[in-house]
**Student:** 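Structure provided below as structure tokens; questions to follow.
When a residue number appears, it is its place in the shown sequence, counting from 1. These numbers come from the heavy atoms of this one structure, side chains and all, not from hydrogens, waters or symmetry mates.
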Amino acid sequence: MWQHPARLPLGGGWRGSCSAPGHEGAEPSDQEQQDLCNLGYAATCSWLPVERSCDAVRFSVTRDDGSRLQLCFVCESAHHPVAHGTLEYDSAASQWISTHADPRLQRMAECYVESYLSRPGRTRTDAVIQSIERAK
């Protein structure tokens with residue numbers, strides 16, 4: 001179904017229910033999930049609220065020391081950042097150290113972390129940097 005899942009904003013394709021006002025809990029079709037929900041900027045979605053805090057959320061792992069992940073997130077509106085922050089996940093204990101107050105953004109972060117942790121041969125940025133520094 002997903003041609004290039006690793007290129008998607010959450011690192012893979014996800015199914016879920018809508019949280020748009022008036023459509024809470026409704027499940028978009030497979031095609032809508034693939035073409036709209038998983039990409040952000042779903043301007044052609046008839047359920048998209050006119051007033052919204054952002055159009056898309058992007059995530060990136062900024063630190064992975066093997067037991068903890070630090071994620072950076074950026075909320076975008078009209079292709080410009082409108083909010084950002086960091087979240088932390090303890091991968092050794094499989095629990096969040098810090099979470100986001102918006103449950104929708106938090107759920108996206110959970111999906112992103114699950115995709116990230118399932119990548120074969122994922123890079124542990126901090127471990128690599130520390131080994132380089134020790135070698136100096």
**Student:** Sequence neighbours excluded, which residues qualify as side-chain contact (heavy atoms from CB on, under 4.5 Å) partners of S29?
**Tutor:**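 Testing S29 for side-chain contact (heavy atoms from CB on, under 4.5 Å), a comparison that skips the adjacent residues, returns Q31, E32.
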**Student:** Taking only residues two or more places apart in sequence or in another chain, which ones pass side-chain contact (heavy atoms from CB on, under 4.5 Å) with P103?
**Tutor:**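 With neighbours one apart ignored, the set is empty.
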**Student:** Between L71 and F73, is any pair of side-chain heavy atoms under 4.5 Å apart?
**Tutor:**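 When only atoms from C-beta onward are counted, F73 and L71 do not touch, as no gap falls below 4.5 Å.
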**Student:** Going by side chain to side chain donor-acceptor pair (under 3.5 Å), name the residues that satisfy it together with R52, two or more places apart in sequence or in a different chain.
**Tutor:**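 Counting only residues at least two positions away or on another chain, R52 forms a side chain to side chain donor-acceptor pair (under 3.5 Å) with D55.
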**Student:** Does S53 have any side-chain contact (heavy atoms from CB on, under 4.5 Å) partners at least two apart in sequence or in another chain, and if so, which?
**Tutor:**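 Checked S53 against side-chain contact (heavy atoms from CB on, under 4.5 Å); zero matches.
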**Student:** Once you round to the nearest 0.5 Å, how far does CD of Q70 lie from OG1 of T86?
**Tutor:**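 If we round to the nearest 0.5 Å, Q70:CD and T86:OG1 are 5.0 Å apart.
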**Student:** Can you give me the closest heavy-atom contact between S77 and C54, atom names plus distance?
**Tutor:**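 Scanning both residues, the minimum pair turns out to be CB-CA, 4.3 Å.
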**Student:** Keeping to residues at least two apart or across chains, list the salt bridge (Lys or Arg N to Asp or Glu O under 4.0 Å) pairs with something in residues 38-47.
**Tutor:**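 Passing the test, one end in residues 38-47: no pairs.
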**Student:** Using ring-ring contact (aromatic ring centres under 6.0 Å, His included) as the criterion, list what pairs up with H84, not counting sequence neighbours.
**Tutor:**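 Partners of H84 by the ring-ring contact (aromatic ring centres under 6.0 Å, His included) criterion come out as none, since no residue qualifies.
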**Student:** How close do A20 and W47 get, counting heavy atoms only, and between which atoms?
**Tutor:**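 Here A20 and W47 meet closest at CB-O, 3.2 Å.
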**Student:** If you take all heavy atoms of C72 and T62, which pair is closest and at what distance?
**Tutor:**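 That closest heavy-atom pairing would be CB-CG2, 3.6 Å.
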**Student:** Could you tell me which residues satisfy salt bridge (Lys or Arg N to Asp or Glu O under 4.0 Å) with E88, sequence neighbours excluded, listed by chain and number?
**Tutor:**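 With sequence neighbours excluded, E88 shows a salt bridge (Lys or Arg N to Asp or Glu O under 4.0 Å) to R63, R68, given in chain and number order.
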**Student:** Could you grab the distance from atom CG of N38 to atom CZ of R15, nearest 0.5 Å is fine?
**Tutor:**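 It is 9.5 Å, given to the nearest 0.5 Å.
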**Student:** Is it the case that the side chain of E51 and the backbone of P49 share a donor-acceptor pair, with hydrogens and angles ignored and the cut-off at 3.5 Å?
**Tutor:**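 Side chain of E51 to backbone of P49: no pair is present.
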**Student:** Taking all heavy atoms of S67 and all of D90, pick out the closest pair and write down the distance.
**Tutor:**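 For S67 versus D90, the nearest heavy atoms are O-OD1, 3.2 Å.
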**Student:** Could you list the residues that satisfy side chain to side chain donor-acceptor pair (under 3.5 Å) with D102, not counting sequence neighbours?
**Tutor:**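 Partners of D102 by the side chain to side chain donor-acceptor pair (under 3.5 Å) criterion, ordered by chain and then number, come out as R104.
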**Student:** Any idea which heavy atoms bring T99 and L87 closest together, and the distance?
**Tutor:**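 What the structure gives for the nearest pair is C-CD2, 3.5 Å.
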**Student:** Got a sec, which residues hit side-chain contact (heavy atoms from CB on, under 4.5 Å) with A56, two or more places apart in sequence or on another chain?
**Tutor:**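 side-chain contact (heavy atoms from CB on, under 4.5 Å) list for A56, sorted by chain: Y41, R58, E76.
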**Student:** Enter the distance from S115:OG to W14:CH2 here, rounded to the nearest 0.5 Å.
**Tutor:**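 Reported to 0.5 Å precision, the distance equals 4.5 Å.
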**Student:** Flag yes if L105 and L36 sit in one hydrophobic cluster, no otherwise; membership is Ile, Leu, Val, Met, Phe, Trp, Tyr, and two members link when side-chain heavy atoms are under 4.5 Å apart.
**Tutor:**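 No, it is not one cluster - the side chains of L105 and L36 are not joined through contacts under 4.5 Å.
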**Student:** Would L117 and L69 count as a side-chain contact (heavy atoms from CB on, under 4.5 Å) if you check the C-alpha gap in whole Å, the side-chain angles of each, and the deciding distance to 0.1 Å?
**Tutor:** CA-CA 10 Å; L117 292 174; L69 299 177; 3.9 Å; yes
**Student:** Return the minimal non-hydrogen interatomic distance between H100 and Q106, and the atom names on each side.
**Tutor:**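 In terms of heavy atoms, the two residues are closest at N-OE1, 2.8 Å.
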**Student:** Got S98 and Y89 here, is their nearest side-chain heavy-atom distance under 4.5 Å?
**Tutor:**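 SC-SC contact between S98 and Y89 ruled out.
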**Student:** Answer yes or no: is there a side-chain heavy-atom contact under 4.5 Å between M108 and L10?
**Tutor:**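 The answer is yes; the side chains approach within 4.5 Å.
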**Student:** Indicate if Y112 and V74 have the same hydrophobic cluster label, given that clusters are the connected sets of ILVMFWY residues with side-chain heavy-atom separations under 4.5 angstrom.
**Tutor:**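 No, separate clusters.
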